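Let me begin by presenting the structure, written as structure tokens, before commenting on it.
Keep in mind it's a predicted model, so treat the numbers as computed, not measured.
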Amino acid sequence: MASRQPSLAARALQPLAASLWTLFLVWTAIVAAVWLGEIGDTDLQEHIANPGLRGALELILRSLDAAWFVIAGANAYLVLAEVEGIAVARRWGALVMGGAWLISAASAWTAVPLGAIHYTARLGMRIGPVPFGLLLLWLAFVLGARALVLRLAPRASHFQVSIAVGFVVALTAANLDPLAWKFRAFWIWRTMPVPVWWNLASWLVASFAFAFFMRETRVASSAWGGFPRPATALIIFNVIFLLVHAARFFRS
């Protein structure tokens, strides 16, 4: 089936999407330096004498991670709007972010399905118990995984794509989780977390459901020009997470 041309509104977003992608790459380099160097407020107090400059850098450090995830999620959304149209982007964005909020909020309130978890303010303002940055992160994960699977397996059935998206997101979550609560304090387990397999199974099933309900009326991969940016962002996330795991292992 021939690919559908993006709407005029979607094409108008292309310059913004390109600029946001550049910002994501620059921000990723900063995050990588901070995470790998384990730079914190104490380092600034020891090496920056000017209180004004130190205060500005501390503010940047506190918002660094949340901004990274928000930029990634916004970039994935804008690219989706280019490819599928704004109406589809809104519908799929609401599906993923709304579903991620329900799962995360239910876990914070009842410990089901993810476990007894408390989300800190490290990922920005909260909607109920769930930080907004976390919702944008899951949007980036799911859209990135879907773009990656469609690019690598364009002939896969919709069900196969959905299953693969579930596995890719679950593996990415497994890559992030130890850093999120032991290193960056995005969330805190109020008690010992549920078994790893249960947590990953929850996100696998949820991500499968998100991808399964992302249906289009044409061959979605036909509209991607080159390697899709959301898929590249997902790969970048996993590479950074793995590098930080390795750096912390060799330091211990």
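- Atom CG of residue Leu242 and atom CG of residue Leu176 lie 11.0 Å apart, to the nearest 0.5 angstrom.
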*Evaluation steps, ring-ring contact (aromatic ring centres under 6.0 Å, His included), between Phe167 and Phe208*: CA-CA 8 Å; Phe167 275 101; Phe208 162 78; 9.8 Å; no
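- Note on Val205: it does not cluster hydrophobically with Trp101, by side-chain heavy-atom contacts below 4.5 Å among ILVMFWY residues.
- In this structure the side chain of Phe69 never reaches within 4.5 angstrom of the side chain of Phe132, judged on heavy atoms.
- Ion pairing of Arg229 with Glu82 is present here, as a side-chain N (NZ or NE/NH1/NH2) and a carboxylate O approach within less than 4.0 Å.
- Listed by chain and residue number, Leu36, Arg251 satisfy the side chain to side chain contact (heavy atoms under 4.5 Å, CB included) test with Ala247 (two or more places apart in sequence, or in another chain).
- Both Ile117 and Met125 are members of a single hydrophobic cluster when ILVMFWY side chains are connected at heavy-atom separations under 4.5 Å.
- Taking CZ of Phe24 as the reference point, atom CG of Asn75 lies at 7.5 Å (rounded to 0.5 Å).
- Residues Leu148 and Pro228 form no side-chain contact, since every pair of their non-hydrogen atoms from C-beta on lies 4.5 Å or further apart.
- The structure places CG of Asp177 at 9.5 Å from CG of Leu114, a figure rounded to the nearest 0.5 Å.
- Side-chain contact check for Arg146 versus Phe210: every heavy-atom pair is 4.5 Å or farther apart.
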_Evaluation steps, side-chain contact (heavy atoms from CB on, under 4.5 Å), between Trp21 and Val79_ = CA-CA 10 Å; Trp21 177 245; Val79 173; over 6 Å; no
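- Residues Leu204 and Phe241 fall into different hydrophobic clusters, defined by Ile, Leu, Val, Met, Phe, Trp and Tyr side chains chained together at heavy-atom separations under 4.5 Å.
- Within the 3.5 Å criterion, the main-chain N or O of Ala174 finds no donor-acceptor partner in the side chain of Trp203.
- By the neighbour-count criterion of 12 heavy atoms within 6.0 Å, atom CZ of Phe159 is sparsely surrounded, having that number or fewer from other residues, nucleotides or ligands.
- Here the shortest heavy-atom pairing between Pro113 and Trp198 reads O-NE1, 2.8 Å.
- Between Ala76 and Ala140, the shortest heavy-atom distance links the atoms CB-CA, 4.3 Å.
- Put simply, the side chain of Leu64 reaches to within 4.5 Å of the side chain of Trp27, judged on heavy atoms.
- Without hydrogens or angle criteria, Thr120 side chain to Phe186 main chain gives a donor-acceptor distance under 3.5 Å.
- Trp68 pairs by the side-chain hydrogen bond (donor to acceptor under 3.5 Å, both in side chains) definition with Thr28, not counting sequence neighbours.
- Two residues are said to be in side-chain contact when any heavy atoms from C-beta on lie closer than 4.5 Å; Trp187 and Arg122 fail this criterion.
- Note that OG of Ser207 and CH2 of Trp138 are 6.0 Å apart. Values are rounded to the nearest 0.5 Å.
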*asked:* Ser107 vs Val112, test: side-chain contact (heavy atoms from CB on, under 4.5 Å). Steps then yes/no.
replied: CA-CA 5 Å; Ser107 300; Val112 178; over 6 Å; no
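- Proximity of Trp181 to Ile188: side-chain heavy atoms (C-beta onward) are nowhere separated by under 4.5 Å.
- Shortest non-hydrogen contact noted between Gly73 and Leu139 is O-CD2, 3.8 Å.
- Atoms CG and CE, on Leu136 and Met97 in that order, are 4.5 Å from each other to the nearest 0.5 Å.
- Going from atom CZ of Arg151 over to atom OG1 of Thr232 covers 10.0 Å, rounded to the nearest 0.5 Å.
- Smallest separation of non-hydrogen atoms from Gly133 and Val70: CA-CG2, 4.1 Å.
- When side chains are defined from C-beta on, Ile235 does not count as touching Asn238, because their heavy atoms never get closer than 4.5 Å.
- No donor-acceptor pair under 3.5 Å is formed between the side chain of Glu84 and the backbone N or O of Ala81.
- In terms of heavy-atom proximity, Gly124 sits nearest to Ala66 at N-CB, 3.9 Å.
- Hydrophobic cluster membership differs between Leu171 and Leu143, with clusters built from Ile, Leu, Val, Met, Phe, Trp and Tyr side chains linked at under 4.5 angstrom.
- You'll find the side chain of Val165 stays beyond 4.5 Å of the side chain of Val168, heavy atoms only.
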*Run the numbers on Arg248 and Leu179 for side-chain contact (heavy atoms from CB on, under 4.5 Å), then give the verdict.*
CA-CA 10 Å; Arg248 289 174 60 81; Leu179 299 177; 4.0 Å; yes
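- Put simply, Ile163 and Leu200 are part of two different groups of oily side chains (I, L, V, M, F, W, Y) that touch within less than 4.5 Å, one to the next.
- Judged purely by atom type and a 3.5 angstrom limit, His158 uses its side chain to pair as donor or acceptor with the backbone of Phe212.
- Distance alone, capped at 3.5 Å, places no donor-acceptor pair between the His118 side chain and the Trp189 backbone.
- Residues Ala89 and Tyr77 share a closest heavy-atom pair of O-CE1, 3.2 Å.
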*Is there a side-chain contact (heavy atoms from CB on, under 4.5 Å) between Glu38 and Val244 once you walk through the steps?*
CA-CA 9 Å; Glu38 298 193 9; Val244 176; over 6 Å; no
